[in-house]
Amino acid sequence: QVQLVESGGGLVQPGGSLRLSCVASESSFSAYTMYWFRQAPGKQRELVATITMVGTTAYADSVKGRFTVSRDNAKNTLYLQMNSLKPEDTAVYYCRTSQGSWGQGTQVTVSS
């Protein structure tokens, strides 16, 4: 099963930006639809963004226009560019493959 490792989280002020990365351990990454999920304290995990193997994207309404998902299949890497961050974006962010593999998560905290 492919292993996923997220990075790029941290503390940022409202209105700021972060870019998350998710590196896959296998080149089979290119064949998967990939997802970004997030889970805030006390809340259910929610789907944030999707990107298919050919680059078609979809977003949750709450992040549309602010977040951009992309992938570099040559580097087995998934990205999430997050702009205009809000305190309600605070959560642990996870990447996931269409085969069901999850990363360990990276914390994003938006606070002044």
Side-chain angles (χ1 to χ4, degrees):
Q1 198 172 25
V2 63
Q3 305 296 314
L4 302 172
V5 179
E6 299 100 334
S7 62
L11 173 64
V12 63
Q13 292 187 342
S17 298
L18 282 175
R19 188 175 82 156
L20 306 183
S21 299
C22 168
V23 179
S25 61
E26 301 176 6
S27 61
S28 55
F29 166 85
S30 64
Y32 300 141
T33 290
M34 295 296 298
Y35 309 94
W36 283 105
F37 284 80
R38 67 185 180 187
Q39 188 166 21
K43 295 188 176 181
Q44 289 190 329
R45 195 169 294 190
E46 64 170 341
L47 177 62
V48 173
T50 303
I51 185 167
T52 68
M53 59 182 291
V54 297
T56 302
T57 60
Y59 300 92
D61 286 344
S62 59
V63 306
K64 203 171 292 183
R66 300 187 298 121
F67 290 11
T68 303
V69 60
S70 62
R71 65 193 301 162
D72 185 338
N73 289 336
K75 295 182 178 179
N76 296 341
T77 303
L78 174 73
Y79 301 101
L80 186 67
Q81 177 67 44
M82 305 186 295
N83 299 328
S84 302
L85 283 161
K86 304 176 181 180
E88 51 263 44
D89 295 318
T90 295
V92 179
Y93 283 72
Y94 301 88
C95 58
R96 178 184 178 270
T97 74
S98 51
Q99 301 302 308
S101 297
W102 290 89
Q104 84 289 350
T106 186
Q107 176 71 48
V108 171
T109 302
V110 185
S111 175
S112 55

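None of these values were measured; they are calculated from a predicted model. Residue numbers start at 1 and run along the sequence shown.
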- Tightest non-hydrogen contact, residues S112 and P14, listed as N-CD, 3.7 Å
- Answer yes if V92 and L47 sit in the same cluster of Ile, Leu, Val, Met, Phe, Trp and Tyr residues linked by side chain heavy atoms under 4.5 Å apart, and no otherwise. yes
- Could you grab the distance from atom CG of L11 to atom CD of Q107, nearest 0.5 Å is fine? 9.5 Å
- Query: Taking all atoms of both residues into account, what is the closest heavy-atom pair of S101 and L4, and its distance?
  - Reply: O-CD1, 3.4 Å
- Hey, are the side chains of S17 and V12 touching, using non-hydrogen atoms and a 4.5 Å cut-off? no
- Is there a side-chain contact between M34 and T97, using heavy atoms and a 4.5 Å cut-off? yes
- Rounded to the nearest 0.5 Å, what separation is found between the CD atom of Q3 and the CG atom of N76? 13.0 Å
- Could you give all pairs that pass the disulfide (SG to SG under 2.5 Å) test and reach residues 45-74, with sequence neighbours left out? none
- Minimum heavy-atom distance between L18 and L85, given as atom pair plus value: N-CD1, 3.9 Å
- Message: Rounded at 0.5 Å granularity, tell me how far CG in L20 sits from CZ in F67.
- Response: 8.0 Å
- Message: Tell me if the CD atom of E88 is crowded by more than 12 foreign heavy atoms within 6.0 Å.
- Response: yes
- Item | Student check: side-chain heavy atoms of V69 and L78 closer than 4.5 Å | yes
- Going from CZ on R19 to CE on M82, what distance comes out if it is rounded to the nearest 0.5 angstrom? 11.5 Å
- Note on the structure: Shortest non-hydrogen pair, T90 vs A40, comes out as O-CB, 3.6 Å
- Message: Strictly by disulfide (SG to SG under 2.5 Å), give each pair with a member in residues 3-99 just once, sequence neighbours left out.
- Response: C22-C95
- What's the shortest heavy-atom distance between G9 and T106, and which atoms? N-OG1, 3.1 Å
- Transitive ILVMFWY side-chain link V108 to Y35, under 4.5 Å: no
- Item | Flag, side chain of Q104 to backbone of E6, donor-acceptor distance under 3.5 Å | yes
- Hey, does Y59 have a side-chain heavy atom less than 4.5 Å from the side chain of I51? no
- residues 66-79 vs salt bridge (Lys or Arg N to Asp or Glu O under 4.0 Å), sequence neighbours excluded, gives R66-D89
- Those residues that, when tested against K64, pass side chain to side chain donor-acceptor pair (under 3.5 Å) (two or more places apart): D61
- How would you list all residue pairs meeting ring-ring contact (aromatic ring centres under 6.0 Å, His included) that involve residues 68-112, not counting sequence neighbours? F37-W102
- Item | Residues forming a side chain to side chain contact (heavy atoms under 4.5 Å, CB included) with E46, sequence neighbours excluded | R38
- Message: If we ignore hydrogens and angles and just use 3.5 Å, is the side chain of S25 paired with the main-chain N or O of V2 as donor and acceptor?
- Response: no
